[in-house]
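Chain naming here is simple, since letters A, B, ... match the order of the sequence lines and numbering starts at 1 in each.
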Number of protein chains: 2
Amino acid sequence: MICQSYEPFFKTLADPTKLEIINLLSKGPLCVSIIAMKLGFEQSRVSHNLKALADLHFVTALRKGKERIYALDEKVVMPILKLIDQYVERYDKHMCKCKGIPWRRRA
Amino acid sequence: MICQSYEPFFKTLADPTKLEIINLLSKGPLCVSIIAMKLGFEQSRVSHNLKALADLHFVTALRKGKERIYALDEKVVMPILKLIDQYVERYDKHMCKCKGIPWRRRA
DNA sequence: AGGACATATGTTTTTCCAGTCATATGATTT
DNA sequence: AAATCATATGACTGGAAAAACATATGTCCT
């Protein structure tokens with residue numbers, strides 16, 4: 001049976017804002033305001049999106065003073081990146097002019 | 001770099017209608033009207049969704065008389081199912097009461 | 001050719017969600 | 001404890017996407 005959870009799982013990955021956050025965090029953990037600054041997003045927007053990411057275990061949070069440091073949960077994110085690679089490898093080579101969001105090179 | 005193509009790729013997987021179609025087709029190829037009947041969807045709705053699925057290479061179509069038979073492209077879909085399994089295995093065991101869309105059992 | 005059936009496609013309507021704005025909570029410092 | 005900083009959360013809204021609706025295309029049969 002398909003779990004209800006698949007829908008939010010993939011919806012998250014379909015959202016550019018969340019993908020950009022994932023991408024940024026792939027370089028290392030950061031607090032909310034830094035993420036907001038680096039991406040040029042509003043603080044509340046970042047918080048809302050981080051909450052969604054955390055609900056799905058894409059990221060984890062820990063306190064540090066007043067700040068909250070968010071980090072990727074690699075165990076979840078890496079398989080996703082691998083999946084993307086497989087798909088792109090097979091069908092979207094030509095689309096990889098890769099205008100748009102910056103991203104790591106293939107593993 | 002993240003490719004633009006990721007967005008439609010995941011958006012497709014976030015859509016219940018498309019997931020239901022994928023699920024149904026996982027049992028075998030079918031024509032449009034049978035899909036519509038089995039899922040209780042309008043024909044145009046099914047066609048629109050199949051088109052989107054075909055554009056992303058999730059399904060393939062072939063003519064058979066006036067009908068069009070749609071089938072999963074297993075090379076694309078299987079890795080996705082595997083990813084879902086990994087994720088569910090890790091975090092969503094408890095959510096697998098699995099009300100909602102019927103789905104295959106784990107491989 | 002014309003009619004019937006199967007599917008695709010174009011257009012309108014409706015639904016839903018991401019972002020914004022406003023406010024609340026929580027932590028630190030003085 | 002009040003002020004300030006960092007983040008979270010609740011309410012609202014505009015825009016996008018999906019479904020419904022209407023029509024076109026294509027195929028088979030007589």
Side-chain angles (χ1 to χ4, degrees), chain A residues 2 4-25 28-72 100-101, chain B residues 2 4-25 28-72 100-101:
Chain A
I2 266 193
Q4 309 293 63
S5 52
Y6 295 170
E7 214 179 305
F9 176 88
F10 287 118
K11 206 163 276 180
T12 292
L13 293 169
D15 178 19
T17 298
K18 296 182 184 64
L19 274 179
E20 285 205 53
I21 291 175
I22 289 175
N23 177 46
L24 182 57
L25 290 180
L30 289 173
C31 71
V32 177
S33 52
I34 300 293
I35 296 172
M37 197 229 292
K38 291 216 176 197
L39 297 179
F41 297 157
E42 294 221 351
Q43 173 264 317
S44 67
R45 180 178 171 186
V46 173
S47 280
H48 278 298
N49 278 276
L50 281 171
K51 176 168 173 30
L53 288 169
D55 287 346
L56 293 168
H57 302 93
F58 282 52
V59 300
T60 55
L62 71 87
R63 298 210 84 106
K64 185 186 172 189
K66 349 182 184 180
E67 298 175 348
R68 266 186 207 189
I69 311 296
Y70 283 87
L72 285 193
I101 306 166
Chain B
I2 268 193
Q4 308 294 63
S5 51
Y6 296 169
E7 214 179 308
F9 177 87
F10 287 118
K11 206 163 278 179
T12 292
L13 293 169
D15 177 22
T17 299
K18 295 182 184 64
L19 273 179
E20 286 205 50
I21 292 175
I22 289 175
N23 177 45
L24 183 57
L25 290 181
L30 289 173
C31 70
V32 176
S33 52
I34 300 293
I35 296 171
M37 197 227 294
K38 292 216 175 197
L39 297 179
F41 297 158
E42 294 222 350
Q43 173 265 316
S44 68
R45 180 177 170 187
V46 173
S47 280
H48 277 297
N49 278 275
L50 281 171
K51 178 167 172 33
L53 288 169
D55 287 346
L56 292 169
H57 301 95
F58 282 53
V59 301
T60 55
L62 72 86
R63 298 209 85 106
K64 183 186 172 190
K66 348 183 186 183
E67 297 175 347
R68 266 186 208 191
I69 311 296
Y70 282 86
L72 286 193
I101 307 168

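Scanning all heavy atoms of the two residues, the minimum distance from B/V32 to B/S47 falls at CG1-OG, 3.8 Å. Taking every heavy atom of both residues into account, A/K18 and A/A52 meet most closely at CE-CB, 3.6 Å.
Comparing atom distances between the A/H48 side chain and each of D/dT27, D/dA11, D/dA20 picks out D/dA11 as nearest. Side-chain proximity of A/D15 to the nucleotides C/dT20, D/dT7, C/dA18 is greatest for C/dA18. Closest to the A/Y70 side chain, of the nucleotides D/dA6, D/dA20, D/dA8, is D/dA8. Considering only the side chain of B/N49, D/dA19 comes nearest among C/dA27, C/dA8, D/dA19. With distances taken from any side-chain atom of A/K66 to the nucleotides D/dC21, C/dT28, C/dC5, the minimum falls on C/dT28. Considering only the side chain of B/R63, D/dT27 comes nearest among D/dT27, C/dT9, D/dT9.
Rounded to an integer number of Å, the gap from A/L62 CG to C/dA27 C1' is 15 Å. Going from atom CZ of B/F41 over to atom C1' of D/dA18 covers 12 Å, rounded to whole Å. The nearest whole Å value for the distance from the CG atom in A/L39 to the C1' atom in C/dA18 is 16 Å. Atom P of nucleotide C/dA8 and atom CG of B/D55 are separated by 12 Å, given to the nearest angstrom. Taking atom NZ of B/K11 as the reference point, atom P of C/dC17 lies 12 Å away to the nearest angstrom. For the pair B/I21 CD1 and D/dA18 C1', the computed distance is 12 Å after rounding to whole Å. Rounded to a whole Å, the CD atom of B/E42 is 16 Å from the P atom of C/dT13. Between B/L50 atom CG and C/dA8 atom C1' the separation is 11 Å, expressed in whole Å.
Taking 4.5 Å as the limit, some side-chain heavy atom of B/I21 sits within range of a side-chain heavy atom of B/L53. Residues A/N49 and A/R45 form a side-chain contact, since some pair of their non-hydrogen atoms from C-beta on lies under 4.5 Å apart.
In the interface, the side chain of B/Q43 is paired with the base of C/dA8 through a donor and an acceptor atom under 3.5 Å apart.
Within 4.0 Å of A/T17, counting heavy atoms only, lie sugar-phosphate atoms of the nucleic acid but no base atom. At the heavy-atom level, B/S33 lies under 4.0 Å from the strands shown only through sugar-phosphate atoms. Contact annotation for B/E67: backbone-only contact, meaning every heavy-atom pair under 4.0 Å involves sugar-phosphate atoms and none involves a base.
For A/K51, the salt bridge (charged side-chain N to carboxylate O under 4.0 Å, His left out) partners two or more places apart in sequence, or in a different chain, are A/D55.
When each of B/V59, B/D15, B/L13 is tested with B/I22 by the rule side-chain contact (heavy atoms from CB on, under 4.5 Å), just one qualifies, namely B/L13.
Considering only side-chain N and O atoms, B/K51 lies nowhere under 4.0 angstrom from the phosphate OP1 or OP2 of C/dA8. Between B/R68 and C/dT7 there is no side-chain polar atom (N or O) within less than 4.0 angstrom of OP1 or OP2.
If you find the closest nucleotide of DNA chain C to B/I69 and to A/S44, the one lying nearer the 5' end belongs to B/I69.
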